[in-house]
Amino acid sequence: MSIQVYIDGAYYPKEQAKVSVFDHGYLYGDGIFEGIRAYNGRVWKLDEHVRRLYEGAKATMLQLPVTPAEMTEAILETLRRNNLGEAYIRVVVSRGAGDLGLDPRKCPKPTVVIIADKINLYPQELYDKGLRVVTVATRRNSNEALNPRMKSLNYLNNIMAKIEANHLGYPEVLMLNNEGYVTEGTGDNIFLVRRGELLTTPATAGILEGITRNTILRLASDMGIANREALFNRHDVYTAEECFLTGTAAEAIAVVEVDGRVIGDGQPGAMTNRLIKAFRELTRVEGTPIWPAGASKTVAAGAEGGTDR
Ligand code: PMP
């Protein structure tokens, strides 16, 4: 059966799930989105994702036609309709249909789309061995131009870096900000272990403040691992003991080489492995149940393919 896609309160089979070409999400990338994951019949950090979506709506002056509680229920219902207990969920809120000009006031009604599908993951081998990455010339958007804290539909900045990644033959790359500080990957946050301390980029340095990132910081504190937000540049990365990336789709994945410099001993580090293990354990037991107690359903994860979502 074809997947059922939510559009503005109704469900359509994938083939008939369509929005207007006059939607400013299509014409201008005017809108916001979320990437959410369900594990084992539960939605992971659903409230945090809904909150980030509504913060993006506030910053872009997008009046959502549904409340956060209604949005939460619509996400859960989309999973139920598709019988998915292990899933990747994409929520898209665009400015809606208007005229060909930029003015958002010409778009009376935002479009809300929810897609739930099987998840594509990096091949297991990359988790076992770690990623090799490079830094690229494309700089992360500055906060003052288009704040990366908004998960806006305009991802061309990240796509330009992804094109460099493809050209150079790497699955992921690191982006610097205009001051030369390392910000994040094209779809993941970055962590370092330096002198025994866990470091990650401050939310204000030009990153999406990842929900996985925040969970890792909390887990580290719970585990007694010294951690803090810090600005760091390429030298700090090259000379770190460990490095890893975090994101909803990738979870946490070790980085073992950056710009040809081997990180640590070239294997996923001990602290990285401890945090990944603790993170995975938590995802199996926490989260918002999709089905009422007793009716829980688990559907196998999708085929491996490689992702940057
Ligand atoms: N940075 C960017 C640019 C991203 O697209 C993502 C994925 N949503 C992340 C970081 C990781 O954020 P999260 O852990 O909330 O998925």
Side-chain angles (χ1 to χ4, degrees), residues 29 31-39 43-56 59 75 87-93 115-117 119-122 131 133 135-136 138-143 145-165 171-177 181-192 198 200-220 229 243-253 255 272 275-276 278-280 282-283 286-288 306-309:
I32 47 173
F33 74 104
E34 270 304 316
I36 313 174
R37 196 152 164 185
Y39 293 93
V43 185
W44 174 248
K45 301 284 176 201
L46 181 53
D47 293 349
E48 281 88 335
H49 283 282
V50 170
R51 189 186 313 133
R52 188 168 68 184
L53 184 76
Y54 280 75
E55 285 175 1
I75 292 167
Y88 181 81
I89 304 138
R90 172 61 54 91
V91 180
V92 182
V93 183
I115 309 167
D117 206 350
I119 174 117
N120 288 320
L121 304 170
Y122 281 130
L131 290 175
V133 304
T135 54
V136 289
T138 302
R139 296 296 168 118
R140 191 73 176 103
N141 281 331
S142 75
N143 289 328
L146 180 59
N147 197 318
R149 285 180 82 180
M150 290 187 295
K151 203 161 164 58
S152 103
L153 285 182
N154 198 317
Y155 249 49
L156 206 47
N157 179 216
N158 312 57
I159 291 165
M160 293 303 284
K162 191 72 178 173
I163 289 168
E164 289 192 70
E172 179 55 295
V173 289
L174 300 179
M175 300 175 79
L176 313 182
N177 65 16
Y181 291 111
V182 176
T183 59
E184 58 180 346
T186 62
D188 311 274
N189 293 118
I190 181 169
F191 281 83
L192 298 183
L198 186 68
T200 196
T201 323
T204 48
I207 62 164
L208 181 76
E209 187 183 353
I211 288 160
T212 319
R213 164 198 185 274
N214 291 348
T215 306
I216 293 283
L217 285 175
R218 226 167 297 133
L219 266 176
E229 295 181 338
C243 177
F244 61 94
L245 303 178
T246 63
T248 294
E251 298 180 323
I253 187 163
V255 172
T272 303
L275 285 163
I276 294 177
F279 178 83
R280 291 212 166 133
L282 214 56
T283 61
E286 271 190 5
T288 308
T307 186
D308 51 2
R309 294 183 295 192

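Order of listing sets the numbers, starting from 1, for every ligand and every atom in it. Side-chain atoms are counted along with the backbone in the values below, which use heavy atoms only and exclude waters and symmetry mates.
Heavy-atom separations between K151 and ligand 1 include at least one value shorter than 4.0 Å. The closest approach between a heavy atom of K45 and any atom of ligand 1 is not below 4.0 Å.
Listed by atom number, the atoms of ligand 1 under 4.0 Å from N158 heavy atoms are 3 (C). Ligand 1 places these atoms under 4.0 Å from at least one heavy atom of E184: 1 (N), 2 (C), 3 (C), 10 (C). Close approach of ligand 1 to Y155 (heavy-atom distance below 4.0 Å) involves ligand atoms 2 (C), 3 (C), 4 (C), 5 (O). Taking every heavy atom of G247 and a limit of under 4.0 angstrom, the matching atoms of ligand 1 come to 11 (C), 14 (O), 16 (O). Of all atoms in ligand 1, numbered sequentially from 1 with element shown, those under 4.0 Å from a heavy atom of R140 are 3 (C). For ligand 1, the atoms lying closer than 4.0 Å to a non-hydrogen atom of T186 are 3 (C). Applying the 4.0 Å criterion to heavy atoms of T248 picks out, from ligand 1, the atoms 13 (P), 14 (O), 15 (O), 16 (O).
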Audit row: N214, E48, side chain to side chain contact (heavy atoms under 4.5 Å, CB included) steps and yes/no: CA-CA 10 Å; N214 291 348; E48 281 88 335; over 6 Å; no
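Between T212 and ligand 1, an N or O atom pair is found at a separation short of 3.5 Å. Considering backbone and side-chain atoms together, I211 places an N or O closer than 3.5 Å to an N or O of ligand 1. Any N or O atom pair closer than 3.5 Å counts here, and R213 shares no such pair with ligand 1.
Ranked by closest heavy atom to atom 11 (C) of ligand 1, the top entry among T183, N141, N189 is N189. Which of A250, G210, G35 comes nearest to atom 12 (O) of ligand 1 through a heavy atom is settled by distance: it is G210. Among G185, G187, P148, the residue whose heavy atom lies closest to atom 9 (C) of ligand 1 is G187.
Among N189, I253, L198, the one residue that satisfies the side-chain contact (heavy atoms from CB on, under 4.5 Å) test with F244 is L198. When the options W44, Y39, Y122 are evaluated for a side chain to side chain donor-acceptor pair (under 3.5 Å) with E251, the one that passes is Y39.
Taking all atoms of both residues into account, the shortest heavy-atom contact from A161 to T186 is CB-CG2, 3.7 Å. The shortest heavy-atom contact between A59 and M150 is CB-SD, 3.7 Å.
The closest side-chain heavy-atom distance from E55 to R51 is below 4.5 Å. Contact annotation: the side chain of L176 approaches that of V182 to within less than 4.5 Å [non-hydrogen atoms, C-beta and beyond]. Annotation: side chain of E184 is not in contact with side chain of T201 (no heavy-atom distance under 4.5 Å). Within the 4.5 Å cutoff, no side-chain heavy atoms of I207 are placed close to those of I190.
For the pair E229 and R213, the salt-bridge criterion is met [side-chain N within less than 4.0 Å of a carboxylate O].
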